[in-house]
Participant: 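Got a structure for you, written out below as structure tokens; questions coming shortly.
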Amino acid sequence: MSRNIFRMILVLFFSFLMAGAVFAAPPVKIGALFSVTGPASPLGEPERNTAEMMVAEINKAGGINGRQLELIVYDTQGDATKAVQAVNKLIKDDKVVAIIGPSTTGDSMAIIPVVEKAAIPLISCAAGIKITDPVKKWVFKTAQNDVLAVMRIYKNLQKQKISRVAILTVSDGFGSSGREQLKLKAKEFGISIISDETYGPKDTDMTVQLTKIRNSNAQAVICWGTNPGPAIVARNAQQLGIKIPLYMSHGVSSRKFIDLAGDSAGGIMLPSGKVIVADQLPNSDPQKKALMSYVNKYRARYKVEGDHFGGHAWDAVMLLKNAMEKGGFAPAAIRDQLEKTKKFAGIGGTFNFSPQDHAGLNIDAFVLVKVEKGDWKLIK
Amino acid sequence: MVTVKKRQLLVFFVFAAAVLLAPFFLKGNYLLNVLVFVGINTMLAIGLNLLLGYAGQISLGHAAFFGMGAYISGIITSRFPVEPFLIIFLAALCVGVIAFIIGFPILKLKGHYLAMATLGFGIIMYIIFNETVDWTGGPSGLSGIPNLRVGSLVFDNDWNNYYLVWVFTLAVMLLSINLSRSRIGRALRAIHDSEVAARVMGVNARILKVQIFTVSAVISAVAGSLYAHVMTFIAPASFGFNFSVELLTMIVIGGLGSVYGSFLGAAILTMLPELLRVFQDLDIVIYGLMLILMTMYMPGGLIGGMEAAVRFALKKIGKGENNNAQA
Amino acid sequence: MDNFQQLFQYILTGLSNGAIYALIGFGFAIIYNSTGIINFAQGEFVMLGGMLTIFFLSVFQMPLVPAILLAIVVSTGVGILFERLAIRPLKDAQPFSLIIITIGASIFLRGAAMLIWGKDTHALPAFSSNDPLYIAGATILPQHLWILGVTVLIIIASRIFFNYSVVGKAMRACSYNPRAAGLVGINVKSMVLLSFALSSAIGSLAGIIIAPLTMTSYDVGAMLGLKGFCAVIIGGMSSGMGTVFGGLLLGLLESLGAGYISASYKDAIAFIILLLILFIRPEGLFGSKETERF
Amino acid sequence: MLRLENITQVFGGLTALEDVSFSVKEGSITGVIGPNGAGKTTLFNIVTGLYTQTKGEVFLGGENISFLNTEELAKLGLVRTFQNVELFRQMTVLENVMIGLHTKSASGIFSCAFKLPGQIREEKYILQKSREWLTYTGITDLADITAGNLPFGKGRLLEISRALAAEPKIILMDEPAAGLNSRETAELASLIRKIKESGVTVVLVEHDMDLVMDICESIVVLNLGKKLAEGTPRQIQENPAVISAYLGEG
């Protein structure tokens with residue numbers, strides 16, 4: 001009871017402050033950590049671009065409750081040490097009220113102890129399930145848990161009565177997390193993994209692994225990685241004449257994959273955020289509006305297609321915006337508001353946070369898409 | 001000679017005092033956190049400098065020893081309740097034994113071949129960190145490493161960690177300065193200049209190189225162990241070839257064969273992202289250019305350049321003091 | 001499918017990858033043999049070849065062949081610049097300064113490529129058709145034949161060059177004894193320059209012909225460079241044919257290792273072989289033993 | 001003191017030394033001479049353990065040292081100097097001589113790093129002894145100069161001082177007079193005599209015939225890898241085979 005009163009006073013205080021000094025108020029600082037360079041740069045770059053775009057847009061529209069935002073972006077280079085240094089600077093030097101990013105699960109895990117201790121809300125853009133499982137007080141995430149993608153594929157396999165699969169995962173954070181979930185969930189869907197192969201993130205030829213898989217009597221192949229590996233896998237599979245269905249992960253759900261894989265991409269299926277098939281969605285889809293706006297704005301500003309990685313940053317910024325509009329700019333208030341977020345239709349899905357769930361998405365966050373005639377096709 | 005010794009001691013005590021007092025001026029500042037990492041990197045740079053700067057033996061795989069220290073510490077303490085601090089010595093011991101064994105075949109090689117062999121070793125260790133998922137947590141890292149503690153004192157904030165790391169770093173610095181000023185230090189430099197002549201004078205170059213390689217690996221392992229407990233999270237990306245090159249850059253920029261140079265290089269490179277933030281993605285280019293230009297035009301590193309400047313200034317003033325300030 | 005077919009596929013894959021390593025390794029060997037330098041930036045020329053070709057293809061809309069030729073010319077120019085600006089000014093350089101400088105150059109080139117062309121991966125169209133060829137049940141792409149063909153061609157050309165042309169012989173003389181070579185009137189400096197030019201040209205050519213298969217991006221050079229390096233060490237620095245055998249052997253061992261032991265440790269296998277060779281026979285499997293000089 | 005028996009060295013297909021035997025008397029100065037390519041330096045490299053001979057054995061004071069390492073030989077009291085002067089160029093003159101005392105001290109890495117009392121005592125001893133040796137060869141005033149900056153002649157002296165600091169029983173000098181002017185050569189001659197008088201056996205390879213004839217008590221002549229002659233300076237000067245070898249060389 002007293003807490004509520006306190007919060008009300010706080011809110012009143014802030015609104016008073018802002019009403020009184022719209023022009024004098026310094027901008028609210030938001031921190032962002034993305035791996036703009038380094039091996040995870042295909043994730044970090046669109047994320048940074050999106051975040052910058054969104055903040056600029058919010059400011060242009062008059063800021064939040066009259067206050068401008070200031071986005072401070074640091075590059076983690078995908079290195080835990082640099083991430084920790086950067087997050088410390090954000091918190092202690094820049095005195096940000098909330099942080100979005102990092103791009104990778106590793107970087108997120110590295111900075112979680114720091115933000116937890118400093119009591120600053122963090123909205124991670126990485127997919128690893130362990131970021132919010134178990135739930136940590138100050139940590140939220142926008143990237144769909146990879147387990148949801150796994151379930152989406154497995155459901156489709158079930159429907160086609162396929163039970164023997166081969167998996168081929170990249171040996172980096174993304175792939176190893178996917179591999180773990182693939183193995184974990186297999187039994188639940190009555191699927192047996194009869195071949196478990198990996199490849200290195202810089203490998204340039206996967207024929208050997210695929211030859212092994214071809215000889216393994218599997219009914220489908222699931223490949224888990226980010227560009228360019230899966231494109232090479234697609235080409236090698238075509239070269240080897242592998243006829244069984246090939247599934248990829250949401251790690252390659254961008255235009256780039258089709259460009260790289262060329263005609264060997266045809267027929268490949270993958271779970272994806274809805275962003276790449278935004279225009280094929282029915283108008284009734286709650287996310288459609290957000291998706292179309294993101295896709296159009298991103299293309300207009302950066303001259304390339306936005307992808308779902310950028311979408312994670314979009315969601316993070318918008319979630320923050322909503323929380324700040326409702327609760328003001330104090331870190332604790334932002335956190336509390338974030339946790340109350342319900343039915344927020346973003347790019348990655350419709351978020352419903354709760355004290356028990358800081359990931360907020362369910363399997364509907366993913367759709368299954370197929371490559372047809374050099375473009376994505378939504379499978380219903 | 002005596003005065004040189006005394007002056008060295010004085011320099012070290014002034015440095016140590018500055019290090020130990022610094023936190024009082026930086027309370028609550030994020031720089032304190034950066035300085036924790038400067039300490040760890042200084043230790044690593046000194047370790048590599050003993051090998052490269054003194055004995056003249058290159059290593060492109062030193063991040064592996066750092067990683068081994070970190071993983072031994074991290075894996076054991078996150079699974080078993082081990083006596084704190086004991087784990088640091090355990091990690092150092094394990095890595096020391098391994099370094100000693102592989103040191104014999106590796107240090108038989110010279111120059112480019114040595115560089116390649118150490119690089120190969122580093123990559124193999126990186127692959128092991130990455131692929132033994134059940135132990136190391138694989139590419140997404142190992143979390144839940146406990147902080148070190150003594151009684152009720154837990155090293156879980158910048159202030160405590162700063163002192164934890166810097167006590168070790170200062171100890172390593174002092175021991176290295178001692179070593180460099182001893183018969184062993186001279187013998188190492190002799191091997192650097194002319195291995196044949198050193199052997200003719202009775203220096204057992206083979207054993208000595210392996211010994212200093214081991215010492216260097218042990219220092220790296222201690223740094224790794226501290227790093228694991230400070231971070232409470234480790235991932236293979238921090239121990240790859242890139243980091244080995246970063247260490248090399250530290251001592252090239254700071255000063256080969258100089259303890260304070262190691263510190264200077266570590267400090268600069270640790271804070272480099274800060275300094276280069278204005279340039280955004282440009283930092284990798286600047287980093288490469290720095291490596292080339294420093295090697296070409298300032299082989300003594302910044303410390304060498306500063307010493308030369310001081311000597312020049314002293315000469316100008318007319319003191320003309322003879323010094324061979326090589327610490 | 002039977003086990004023999006599987007084995008045959010591994011061998012075919014191994015050999016075609018091995019040819020790539022050999023070609024890259026060849027660039028290392030040329031510089032090493034005329035200067036004693038191991039150029040850690042060699043992999044970046046492989047990257048430059050691929051990226052430049054794509055750049056000329058997409059930005060200037062050039063046809064494939066002129067784009068390739070121009071890419072080789074530009075990369076060679078970069079190699080020459082590198083030698084003139086960073087290697088030649090050094091006098092009495094110790095091995096580790098050269099190692100550091102070439103590492104610095106590799107970081108610099110990679111960074112510059114990232115700034116200029118961005119971080120995306122690109123694929124070059126295949127030179128000829130993309131339909132796999134079947135050999136005894138195993139498959140291979142026409143591009144693999146291109147790689148094998150170019151490798152063989154380069155070997156033959158370099159044999160002729162080093163054994164029969166005056167300039168080639170002069171380069172070899174420099175590698176044996178630069179001072180003596182200088183005394184008999186060979187311009188050692190231009191030979192060093194030439195070796196950098198040649199090796200960057202071969203490196204970029206390698207980068208171009210593999211780009212349709214492996215794709216290319218600003219950071220593709222590092223690992224390929226290292227593999228090429230393993231190939232030369234295994235085969236022996238001093239022997240041209242040794243490099244080729246070294247590359248093929250490495251490719252084979254890698255693909256058999258990935259096939260029968262573990263794909264996760266494929267790269268580890270390459271480097272363990274590297275270490276073993278360095279420990280047991282540092283002159284390489286096919287190299288001749290040099291007398292150690294004091 | 002030093003005895004070589006049937007030393008043969010083959011490099012690839014090339015025989016550098018063939019069946020060379022001779023011995024050096026304790027406390028003597030012995031010269032090894034011969035035209036270029038006669039195998040003199042190779043012989044030194046074999047004796048000092050830098051090369052391993054294809055065949056034959058080397059004895060030092062009755063002990064077979066054929067397969068001992070260079071550094072072990074230094075401990076036994078066998079040191080050498082080099083034709084091209086191998087100094088530790090980045091170290092000071094004093095430090096160079098201090099390296100000479102490496103075999104006279106024993107502190108390991110551990111006691112050096114922790115400055116144990118034994119090490120401090122040893123360090124004092126090394127410093128004091130090194131200064132004495134600089135005085136002995138007369139280059140005390142150069143003590144703090146970096147060795148790489150020394151003029152050639154002084155470098156030669158430093159190399160000898162460093163070798164002497166190891167308190168050897170026998171010292172092998174590879175062309176000590178090469179590159180010296182006549183005054184320096186004369187000084188060198190008297191230094192070598194002084195060394196001999198202190199009880200150290202000296203073996204030198206030298207081209208300067210005047211010097212060799214002046215100071216050596218016994219001379220070994222090598223030609224094309226074989227021993228051509230052995231004897232006192234007078235005997236050698238009168239040996240027809242030696243004369244023809246030298247004349248034949250022009």
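Throughout, a chain's letter reflects where its sequence line sits, starting with A, and its residues are numbered from 1. Hydrogens, waters and symmetry mates play no part in the numbers below; they use all other heavy atoms, side chains included.
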Participant: Which of residues 126-135 of chain B get closer than 4.5 angstrom to chain C, counting heavy atoms alone?
Facilitator: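 Listed by number: B:I127, B:E131, B:T132.
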Participant: Taking C-beta and beyond as the side chain, do C:F108 and B:I286 meet within less than 4.5 Å on heavy atoms?
Facilitator: no
Participant: For C:F245, check ring-ring contact (aromatic ring centres under 6.0 Å, His included) against everything at least two apart and list the hits.
Facilitator: C:F286
Participant: Is C:I99 close to B:I58 at the side-chain level, that is, under 4.5 Å between some pair of heavy atoms?
Facilitator: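 When only atoms from C-beta onward are counted, C:I99 and B:I58 do touch, with a gap below 4.5 Å.
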Participant: What distance do C:T102 atom OG1 and B:L291 atom CG have between them, rounded to the nearest 0.5 Å?
Facilitator: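 One finds 10.0 Å between OG1 of C:T102 and CG of B:L291.
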Participant: Under 4.5 Å from any heavy atom of chain B, what part of C:L278 do you find: side chain, backbone, both or neither?
Facilitator: both
Participant: Taking every heavy-atom pair that is under 4.5 Å apart, which of B:G120, B:S194, B:P299 has the most such pairs with chain C?
Facilitator: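 Going by pairs under 4.5 Å, I would pick B:G120.
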Participant: Distance-only check: which donor-acceptor pairs under 3.5 Å involve side-chain atoms of residues 98-108 of chain B, not counting sequence neighbours?
Facilitator:
none

Participant: With chain B as the partner, which of C:I38, C:I101, C:I277 has the greatest number of non-hydrogen pairs under 4.5 Å?
Facilitator: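 The option with the most such pairs is C:I38.
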Participant: Look at the rings of C:Y32 and B:H112 and say which category their plane angle falls in: under 30° parallel, 30 to 60° tilted, over 60° perpendicular.
Facilitator: perpendicular
Participant: About how many Å separate CD1 of C:I100 and CG of B:L256, when rounded to the nearest 0.5 Å?
Facilitator: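 It is 6.0 Å, given to the nearest 0.5 Å.
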Participant: Check B:G111 against C:P95 and note the closest heavy-atom contact, atom names and distance.
Facilitator: CA-CB, 4.0 Å
Participant: Looking at C:A112 and B:V285, what are the two nearest heavy atoms and their distance?
Facilitator: N-CG2, 3.6 Å
Participant: More than 12 foreign heavy atoms under 6.0 Å from CZ of B:R206: is that the case here?
Facilitator: no
Participant: With a 4.5 Å heavy-atom cut-off, do B:L109 and C:P282 have their side chains touching?
Facilitator: yes
Participant: Enumerate by number any residue of residues 60-67 of chain B whose heavy atoms lie under 4.5 Å from heavy atoms of chain C; in the absence of such residues, state 'none'.
Facilitator: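 Those residues of residues 60-67 of chain B which have a heavy atom under 4.5 Å from chain C are B:L60.
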Participant: Need one label for C:I233: side chain, backbone, both or neither, based on atoms under 4.5 Å from any heavy atom in chain B.
Facilitator: side chain
Participant: Supply the atom-to-atom distance C:I272 CD1 to B:I124 CD1, rounded to the nearest 0.5 angstrom.
Facilitator: 4.5 Å
Participant: Check each atom of B:M116 against the heavy atoms of chain C and say whether the ones under 4.5 Å are side chain, backbone, both or neither.
Facilitator: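 When you check distances to chain C, atoms from both the backbone and side chain of B:M116 fall under 4.5 Å.
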Participant: Where does C:L90 contact chain B at under 4.5 Å (heavy atoms): side chain, backbone, both or neither?
Facilitator: side chain
Participant: For C:R88, is the CZ atom crowded, meaning more than 12 foreign heavy atoms sit under 6.0 Å from it?
Facilitator: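 Enclosed.
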Participant: What distance do B:I284 atom CD1 and C:L115 atom CG have between them, rounded to the nearest 0.5 Å?
Facilitator: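 It comes to 8.5 Å.
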Participant: When rounded to the nearest 0.5 angstrom, what distance separates CD1 in C:I103 from CG in B:L248?
Facilitator: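 Rounded to the nearest 0.5 Å, the CD1-CG separation comes out at 6.0 Å.
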Participant: With a 4.5 Å cut-off on side-chain heavy atoms, are C:F40 and B:L119 touching?
Facilitator: yes
Participant: Relative to chain B, which of C:I280, C:L226, C:L109 shows the most heavy atom pairs under 4.5 Å?
Facilitator: C:L226
Participant: Between C:L274 and chain B, which part of the residue has a heavy atom less than 4.5 Å away: side chain, backbone, both or neither?
Facilitator: side chain
